[in-house]
Amino acid sequence: MDTGTGAGAVSVPEMVRRGLGRTERARRQASSVQAGSLAARARKMARVAELYEREARWWRVLVEHSYSPAACGLPLVYGRAAIAAEASARARVRTYRELEADYWRRSLAVASDTGLSGVAA
């Protein structure tokens, strides 16, 4: 299955591969950001969670393609592997969302304890 009909058309698996690569690079960059405050750590966890959500969506594209008529003859193991990868990415989203919420709670508690009216950047 191609995404277009002209020169430069890319297969769905290739499009997913490229998208996953871009997402992984962005996630590495986000993970390397130094976060000095609790609020900064919460924002960092939110960004990483967003990128895992993006990864899960890319895997969903591959799942849909794997079970489409366009993928006729593709062994079912590919679709099953994509489903497992999507589930794994979604589990990481939950983990990072929990970390984000925890950092926000801690940040707000510190702000409350110190009498600050806002949360430090």
Side-chain angles (χ1 to χ4, degrees):
M1 176 179 180
D2 286 339
T3 59
T5 56
V10 177
S11 70
V12 171
E14 178 60 18
M15 180 179 62
V16 170
R17 186 191 68 77
R18 290 178 186 180
L20 287 170
R22 287 189 305 272
T23 302
E24 176 61 27
R25 286 188 298 279
R27 191 171 46 245
R28 276 195 305 256
Q29 181 180 5
S31 294
S32 70
V33 169
Q34 295 298 316
S37 70
L38 292 169
R41 290 177 191 159
R43 288 190 293 273
K44 178 178 177 176
M45 296 302 107
R47 177 65 177 146
V48 173
E50 289 169 4
L51 291 164
Y52 276 119
E53 286 171 347
R54 184 182 302 168
E55 177 184 323
R57 288 191 304 269
W58 277 120
W59 286 119
R60 174 51 38 187
V61 169
L62 192 59
V63 167
E64 296 297 327
H65 171 72
S66 296
Y67 292 103
S68 73
C72 182
L74 188 66
L76 291 178
V77 68
Y78 291 108
R80 290 181 182 156
I83 289 170
E86 178 188 15
S88 178
R90 293 208 185 279
R92 289 189 299 268
V93 169
R94 287 188 298 276
T95 297
Y96 280 93
R97 289 293 180 206
E98 289 170 6
L99 288 168
E100 175 194 7
D102 182 57
Y103 279 122
W104 280 124
R105 271 191 300 278
R106 292 169 54 194
S107 178
L108 292 171
V110 167
S112 175
D113 289 346
T114 60
L116 296 176
S117 61
V119 178

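Note that the structure is a prediction, hence the values are computed from the model and not measured.
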Got a second to check how far [X]'s [atom1] is from [Y]'s [atom2], nearest 0.5 Å?
{"X": "Arg25", "Y": "Leu20", "atom1": "CZ", "atom2": "CG", "answer": "10.5 Å"}
{"X": "Leu51", "Y": "Arg28", "atom1": "CG", "atom2": "CZ", "answer": "11.5 Å"}
{"X": "Met15", "Y": "Trp58", "atom1": "CE", "atom2": "CH2", "answer": "5.0 Å"}

Please determine, by modelled atom types, if Ser88 and Arg92 share a side-chain donor-acceptor pair under 3.5 angstrom.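 The criterion, which ignores hydrogens and geometry beyond distance, is satisfied for Arg92 and Ser88.
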
Pairing residues for Tyr52 by the ring pair (Phe, Tyr, Trp, His ring centres under 6.0 Å) criterion, not counting sequence neighbours: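 Checked Tyr52 against ring pair (Phe, Tyr, Trp, His ring centres under 6.0 Å); matches are Tyr96.
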
Quick one, Arg18 with Val10, criterion side chain to side chain contact (heavy atoms under 4.5 Å, CB included). Give me CA distance, side-chain angles, the key distance, then yes/no. CA-CA 10 Å; Arg18 290 178 186 180; Val10 177; 3.5 Å; yes

How about Ser31 and Arg27: do any of their side-chain heavy atoms sit closer than 4.5 Å?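 Yes, at least one pair of side-chain atoms sits under 4.5 Å.
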
For the student: nearest non-hydrogen atoms of [X] and [Y], plus distance:
{"X": "Ala56", "Y": "Glu86", "value": "O-CG, 3.7 Å"}
{"X": "Val110", "Y": "Leu38", "value": "CG2-CD1, 3.9 Å"}
{"X": "Pro13", "Y": "His65", "value": "CD-NE2, 3.8 Å"}
{"X": "Ala30", "Y": "Arg47", "value": "CB-CG, 3.7 Å"}
{"X": "Ser66", "Y": "Gly79", "value": "CB-CA, 3.6 Å"}
{"X": "Lys44", "Y": "Ala35", "value": "CD-CB, 4.2 Å"}

Sequence neighbours excluded - ring-ring contact (aromatic ring centres under 6.0 Å, His included) pairs with any residue from residues 20-42: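 Listed once each, the pairs would be none.
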
For Glu53, enumerate each residue passing the salt bridge (Lys or Arg N to Asp or Glu O under 4.0 Å) test, keeping only those at least two apart in sequence or located in another chain.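 So Glu53 forms a salt bridge (Lys or Arg N to Asp or Glu O under 4.0 Å) with Arg97.
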
Please evaluate residues Glu50 and Arg54 with respect to the criterion side chain to side chain contact (heavy atoms under 4.5 Å, CB included), reporting the C-alpha separation (whole Å), side-chain torsions for both, the decisive distance (0.1 Å), and the verdict. CA-CA 6 Å; Glu50 289 169 4; Arg54 184 182 302 168; over 6 Å; no

How would you list all residue pairs meeting salt bridge (Lys or Arg N to Asp or Glu O under 4.0 Å) that involve residues 64-82, not counting sequence neighbours?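 Qualifying pairs: Arg60-Glu64.
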
Taking transitive links into account, so neighbours of neighbours count too, which hydrophobic residues share a cluster with Tyr67 at under 4.5 Å side-chain distance?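 Grouped by the 4.5 Å side-chain rule, Val63, Leu76, Ile83 form the rest of the cluster around Tyr67.
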
Residues sharing Val77's hydrophobic cluster, by side-chain heavy-atom contacts under 4.5 Å among ILVMFWY, directly or via others?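 Reading the cluster by chain and number, Val77 sits alongside Leu74, Tyr78.
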
What do you reckon, is CD of Glu24 surrounded by more than 12 foreign heavy atoms closer than 6.0 Å?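 More than 12 heavy atoms, drawn from other residues, nucleotides or ligands, come within 6.0 Å of this atom.
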
